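This report concerns only the one structure given below.
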Protein chains: 2
Amino acid sequence: MTRRPAESKSSAHICYYCSLMWFDEGMVDTAAEPSANLSPRARARQQTMRDIVRIGREHLATDGAAALSLRAVARDLGLVSSAVYRYVASRDELLTLLVVDGYDELGDAVDAALTDVDRADHPGRMRAIGRAVRAWGLAEPATYALLFGSPVPGYEAPAEQTTGPGTRVVVRLVEVWEDAWQAGAITADEGAVSPRRLSRDLARIRRQMGLAVPERLVARGLFAWAALFGCVTWEVFGQYGSATFTDPADLFEQHLDALVETVGLG
Amino acid sequence: MTRRPAESKSSAHICYYCSLMWFDEGMVDTAAEPSANLSPRARARQQTMRDIVRIGREHLATDGAAALSLRAVARDLGLVSSAVYRYVASRDELLTLLVVDGYDELGDAVDAALTDVDRADHPGRMRAIGRAVRAWGLAEPATYALLFGSPVPGYEAPAEQTTGPGTRVVVRLVEVWEDAWQAGAITADEGAVSPRRLSRDLARIRRQMGLAVPERLVARGLFAWAALFGCVTWEVFGQYGSATFTDPADLFEQHLDALVETVGLG
DNA sequence: ACGTTTGAGAGAGCGGTGCTCTCGTTTCGA
DNA sequence: TCGAAACGAGAGCACCGCTCTCTCAAACGT
């Protein structure tokens, strides 16, 4: 315990928690009403909390998660460094706030994109989700990296805060496939996948989410989910190089074709 | 310039450089022969360099890239912190060494996996590459995160050192598809993709790599490449949750089916 | 209305970090 | 052999996360 106080031990990932347990979302009811009949002190505290998150987001965007420093946030806030510990227990807790903030913003972006697409246009809805994720990732690369990039060593994000917001996108994707299946827009083999233990896991997921789609399609959906974020990550993290494509959006549209096709919505 | 010396400004990604410019690999000829007729001092220097990389890798594996500290490496090396600057100009340069080391190890792993597969078994070769990437990523999560995870803010990895090793995997993938195409194992639309500017970019890549595969397949290959690493990243970074799958390898095999299928090798 | 509790902020301090500088010493090569 | 180059050590600077104590004012209870 004499080593570095927090940084050294930090080593788990933010998204161990945005695990596939989307079934119990009711747990997330932190952050009660913003300012309804509160004492002046409590109102001031809420305002300061909001300022901390806002300034933290700014630093995250400009310098990245690794360079996010509580001291710098305190400076911008006009406080001495120790004072911010009245509001945030540690640097990691600030990261958690930013993680939740990021997941919510991404979820809102996806939801907003879906309002423009006819519920019966399943490929269109899937493409809209993909485009929304990509657009948000490119607009907020640092937050995207925080959510979907390297695990922050030793950092154990609290599942009760991050699981709900963290699963909004995949829940939307599953909705699309479920809709399409129930509308008969997808044909897929309804037989069990092999091996048996994978089939059991997929069956459990179907049951917990109340899905009608066959397990083979659940597996394909998981692939499409990972592949979608793979494409976005490749672009946000610059894996294609800077001068390879005139407009990477063109390539992403091709990738969307492949994604739609791979779940049988081609 | 009075701010933090290096950490604060760090903000670019390692893999801007493992860009798609695999065509000029000849540039990478750093690291001459290890110890052929060298003065004792030079030999000692080489040994120290190797020790630094070795200890750095250990710290990377145990604590992650964020916690990698030159001072800690110096301690393990029995040197005072300033002394290691005789060998490594900065923490970022140590990261570069580890990046190159990691790319090479991954490339070796992929090459080794391919030796066991018949050159004519194109789906088998593609699956072998995928399994090798996954196995290496799970075995070396910290190095995997360094290569394919969040960009290190402000860090501009030198392309001349990282481009070659960084493109070994995708080069192998392209080889497989090219072989399969020339063997007539893939059927694909040979028409141009839209829009025109994407078609031009893909045509340029074909030309530069001397490929016979049609541009539509180049686009699909890029998708498969990103999707493969998306699947591996999802698993290495724990996005699936810890208790969701009895053995994630089973799911990955399903994903490999999808990957093989998406490039027309189904 | 008044004492008491509680919370906010300041400041000092600890050990850690990357990195620079200087200063002796050792080694190499001409 | 002797000057130059490399090497290691040490001090030091500015920054980091975090803890502790102290003061002071606001809020609360009686």
Side-chain angles (χ1 to χ4, degrees), chain A residues 1-11 37-49 51-52 55-56 59-60 63-98 152-155, chain B residues 1-11 37-49 51-52 55-56 59-60 63-98 152-155:
Chain A
M1 281 305 176
T2 64
R3 307 232 3 229
R4 276 187 295 156
E7 213 175 355
S8 77
K9 295 182 244 97
S10 53
S11 140
N37 262 4
L38 289 174
S39 69
R41 186 171 258 175
R43 291 172 57 89
R45 187 177 180 84
Q46 283 194 341
Q47 185 56 50
T48 304
M49 285 295 289
D51 287 346
I52 288 175
I55 294 172
H59 286 206
L60 192 66
D63 300 325
L68 184 74
S69 123
L70 264 179
R71 284 183 121 107
V73 171
R75 270 196 301 272
D76 284 13
L77 208 59
L79 289 181
V80 83
S81 75
S82 62
V84 305
Y85 285 87
R86 299 282 182 195
Y87 301 90
V88 170
S90 68
R91 178 179 178 276
D92 284 0
E93 191 173 300
L94 176 56
L95 279 178
T96 300
L97 293 176
L98 296 174
V152 179
Y155 168 56
Chain B
M1 281 299 179
T2 64
R3 306 243 352 237
R4 277 187 292 157
E7 215 176 354
S8 76
K9 295 182 242 96
S10 52
S11 141
N37 262 4
L38 290 174
S39 70
R41 180 173 262 174
R43 291 172 56 89
R45 184 177 182 84
Q46 284 193 339
Q47 185 55 51
T48 303
M49 286 295 290
D51 287 345
I52 287 176
I55 295 173
H59 286 205
L60 191 65
D63 301 324
L68 184 76
S69 122
L70 263 180
R71 284 183 121 106
V73 171
R75 269 195 301 272
D76 283 14
L77 208 59
L79 287 181
V80 84
S81 74
S82 63
V84 305
Y85 285 87
R86 299 283 182 196
Y87 301 89
V88 169
S90 66
R91 178 179 177 276
D92 284 0
E93 191 173 301
L94 176 56
L95 279 178
T96 300
L97 292 176
L98 296 174
V152 179
Y155 169 55

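What you see is a predicted model; the values in this text were computed from it and never measured. A note on names: the letters A, B, ... follow the listed sequences, proteins ahead of strands, and every chain is numbered from 1.
Rounding to the nearest 0.5 angstrom, the gap separating the NE2 atom in B:His59 from the CG atom in B:Leu98 is 11.0 Å. To the nearest 0.5 Å, atoms CD (A:Glu93) and OH (A:Tyr85) are separated by 11.0 Å. With values rounded to the nearest 0.5 angstrom, A:Asp76 atom CG is found 11.5 Å from A:Ile52 atom CD1. Remark: A:Ile55 CD1 to A:Leu77 CG distance equals 4.5 Å, nearest 0.5 Å.
Remark: C1' of D:dC7 and CG of B:Asp51 are 16 Å apart, rounded to the nearest angstrom. Here C:dT6 presents its C1' atom at 12 Å from CZ of A:Arg45, a figure rounded to the nearest Å. Following rounding to the nearest Å, B:Leu94 (CG) and C:dG18 (C1') show an atom-to-atom distance of 12 Å. Going from atom OH of A:Tyr87 over to atom C1' of C:dA10 covers 13 Å, rounded to whole Å. Atom CZ in B:Arg75 sits about 10 Å away from atom C1' in C:dG15, given to the nearest Å. The interatomic distance linking A:Asp63 (CG) with C:dG18 (P) rounds to 18 Å, in whole Å. For the pair B:Arg91 CZ and C:dG16 P, the interatomic distance rounds to 17 Å; values are reported in whole Å. In this structure, B:His59 atom NE2 and C:dG16 atom P are separated by 14 Å, rounded to whole Å.
Taking the side chain to side chain donor-acceptor pair (under 3.5 Å) definition, one finds that A:Asp51 meets it with A:Gln47, A:Arg54, sequence neighbours left out. By the side chain to side chain donor-acceptor pair (under 3.5 Å) test, A:Thr96 pairs with A:Tyr155, sequence neighbours left out.
Of all non-hydrogen atoms in A:Ser81 and A:Arg71, the two that sit nearest each other are CB-CG, 3.7 Å.
Remark: the A:Arg86 side chain and the C:dA8 base include a donor-acceptor N/O pair separated by less than 3.5 Å.
Mapping B:Leu70 and A:Ser81 onto DNA chain C by nearest heavy atom places A:Ser81 at the nucleotide closer to the 5' end. Heavy-atom distances to DNA chain D give each of A:Tyr85 and B:Arg71 a nearest nucleotide, and the one nearer the 5′ end belongs to B:Arg71.
Of the listed nucleotides (D:dG8, C:dG18, D:dA6), D:dG8 has the atom at the smallest distance from the side chain of B:Leu79.
Across all strands shown, A:Ser82 has heavy atoms under 4.0 Å from base atoms, whether or not it also approaches the sugar-phosphate.
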If a protein heavy atom is under 4.0 Å from the base, mark B; if only from the sugar-phosphate, S; if neither, -; do that for nucleotides 25-30 of chain C going 5' to 3'. -BBS--
